[in-house]
A.B. asks: 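My questions all concern the structure below.
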Amino acid sequence: MRTDIDFALIARRFSATTPAEGARDLGRSILRELAAGRKISPQAVAEKLGWTEARVVAVLEGSPGTEFDEYGDIVGYGLTLRETPHVCEIEGRRLYAWCALDTLMFPAWLGVAVRVTSICAADG
């Protein structure tokens, strides 16, 4: 049995691109709002971080999975306000995730407790 797993290598292989400078701060800021059950505009993210809105938009363009509503507000970034089969309840708020792993990864990254219900894609 192999025990020398290089998790950093695995993470790099799953990452299609190198994150833009500040992407971690940007992501955490967005996820905090989503975890609180609120969408957020790129302008509000810029104000929170002390960035220009253009910088926020440029970093988000490098993150193709960002979900926007019809007003241009961010409603999904791993965690989403849109219904999926992967439910995360955070402090009584019903949120969703793009995949089962996200239901565990993002709450852990934010340091919040989560209750997860996830439907298996293979057999329901």
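Heads up: numbering here begins at 1 and tracks the sequence.
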A.B. asks: Which heavy atom of S29 sits nearest a heavy atom of V45, and at what distance?
C.D. replies: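 For S29 versus V45, the nearest heavy atoms are OG-CG1, 4.4 Å.
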A.B. asks: Please list all pairs meeting salt bridge (Lys or Arg N to Asp or Glu O under 4.0 Å) that have one or both residues in residues 35-44, counting only residues at least two apart or in different chains.
C.D. replies: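 Listed once each, the pairs are E33-R38, K39-D69, K39-D73.
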A.B. asks: Taking the side chain as every heavy atom from C-beta outward, state whether W109 and L31 have any pair of such atoms under 4.5 Å apart.
C.D. replies: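 Yes, close enough: below the 4.5 Å cut-off.
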A.B. asks: Is there any salt bridge (Lys or Arg N to Asp or Glu O under 4.0 Å) pair reaching into residues 105-124, and which pairs are they, with sequence neighbours excluded?
C.D. replies: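 Those involving residues 105-124 are E89-R115.
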A.B. asks: Compare all side-chain heavy atoms of T52 with those of V56 and state whether any distance is below 4.5 angstrom.
C.D. replies: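 T52 does not reach V56 side chain to side chain.
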A.B. asks: Could you list the residues that satisfy side chain to side chain contact (heavy atoms under 4.5 Å, CB included) with A108, not counting sequence neighbours?
C.D. replies: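 Counting only residues at least two positions away or on another chain, A108 forms no side chain to side chain contact (heavy atoms under 4.5 Å, CB included).
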A.B. asks: Going by side chain to side chain contact (heavy atoms under 4.5 Å, CB included), name the residues that satisfy it together with V116, two or more places apart in sequence or in a different chain.
C.D. replies: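 Counting only residues at least two positions away or on another chain, V116 forms a side chain to side chain contact (heavy atoms under 4.5 Å, CB included) with T103, L104, V114, S118.
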A.B. asks: From I30 CD1 over to L49 CG, what is the distance, rounded to the nearest 0.5 angstrom?
C.D. replies: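 Here the rounded value is 8.0 Å.
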A.B. asks: Who else is in the cluster with V87 when I, L, V, M, F, W and Y are joined by side-chain contacts under 4.5 Å?
C.D. replies: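 Under the 4.5 Å side-chain rule, V87 groups with Y96.
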A.B. asks: Mind checking the CZ-CZ spacing from F106 to R28? Nearest 0.5 Å is all I need.
C.D. replies: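 Interatomic distance, F106 CZ to R28 CZ, rounded to 0.5 Å: 11.0 Å.
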A.B. asks: Output the distance between atom OG (S41) and atom CD (E47), rounded to the nearest 0.5 Å.
C.D. replies: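 One gets 7.0 Å once the value is rounded to the nearest 0.5 Å.
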A.B. asks: Tell me, which pairs form a salt bridge (Lys or Arg N to Asp or Glu O under 4.0 Å) where one or both residues lie in residues 93-102, sequence neighbours left out?
C.D. replies: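 As it turns out, the salt bridge (Lys or Arg N to Asp or Glu O under 4.0 Å) pairs with a partner in residues 93-102, which skip direct neighbours, are E91-R93.
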A.B. asks: Just jot down the side chain to side chain contact (heavy atoms under 4.5 Å, CB included) partners of A35, sequence neighbours excluded, or say none.
C.D. replies: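 By the side chain to side chain contact (heavy atoms under 4.5 Å, CB included) rule, A35 matches L79, I90, L95, L110.
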A.B. asks: For T80, check side-chain hydrogen bond (donor to acceptor under 3.5 Å, both in side chains) against everything at least two apart and list the hits.
C.D. replies: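 Testing T80 for side-chain hydrogen bond (donor to acceptor under 3.5 Å, both in side chains), a comparison that skips the adjacent residues, returns E67.
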A.B. asks: Side-chain contact test, heavy atoms from C-beta onward, threshold under 4.5 Å: evaluate it for E61 versus T66 and give yes or no.
C.D. replies: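 A side-chain contact is absent here, since even the closest heavy-atom pair is not under 4.5 Å.
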A.B. asks: Running the 4.5 Å side-chain criterion over Ile, Leu, Val, Met, Phe, Trp and Tyr, what cluster does I119 land in, apart from itself?
C.D. replies: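 Reading the cluster by chain and number, I119 sits alone, since nothing else belongs.
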A.B. asks: Please test I40 against Y77 for side-chain contact (heavy atoms from CB on, under 4.5 Å), starting from the C-alpha separation and ending with a verdict.
C.D. replies: CA-CA 11 Å; I40 187 167; Y77 197 79; over 6 Å; no
A.B. asks: T84: what forms a side-chain hydrogen bond (donor to acceptor under 3.5 Å, both in side chains) with it, not counting sequence neighbours?
C.D. replies: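 Scan of T84 (side-chain hydrogen bond (donor to acceptor under 3.5 Å, both in side chains), adjacent residues dropped) gives none.
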A.B. asks: Which heavy atom in C99 sits nearest to a heavy atom in H86, and how many Å separate them?
C.D. replies: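 The answer is CA-CD2, 3.5 Å.
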A.B. asks: Mind checking the CH2-CZ spacing from W98 to R82? Nearest 0.5 Å is all I need.
C.D. replies: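 Here the rounded value is 10.0 Å.
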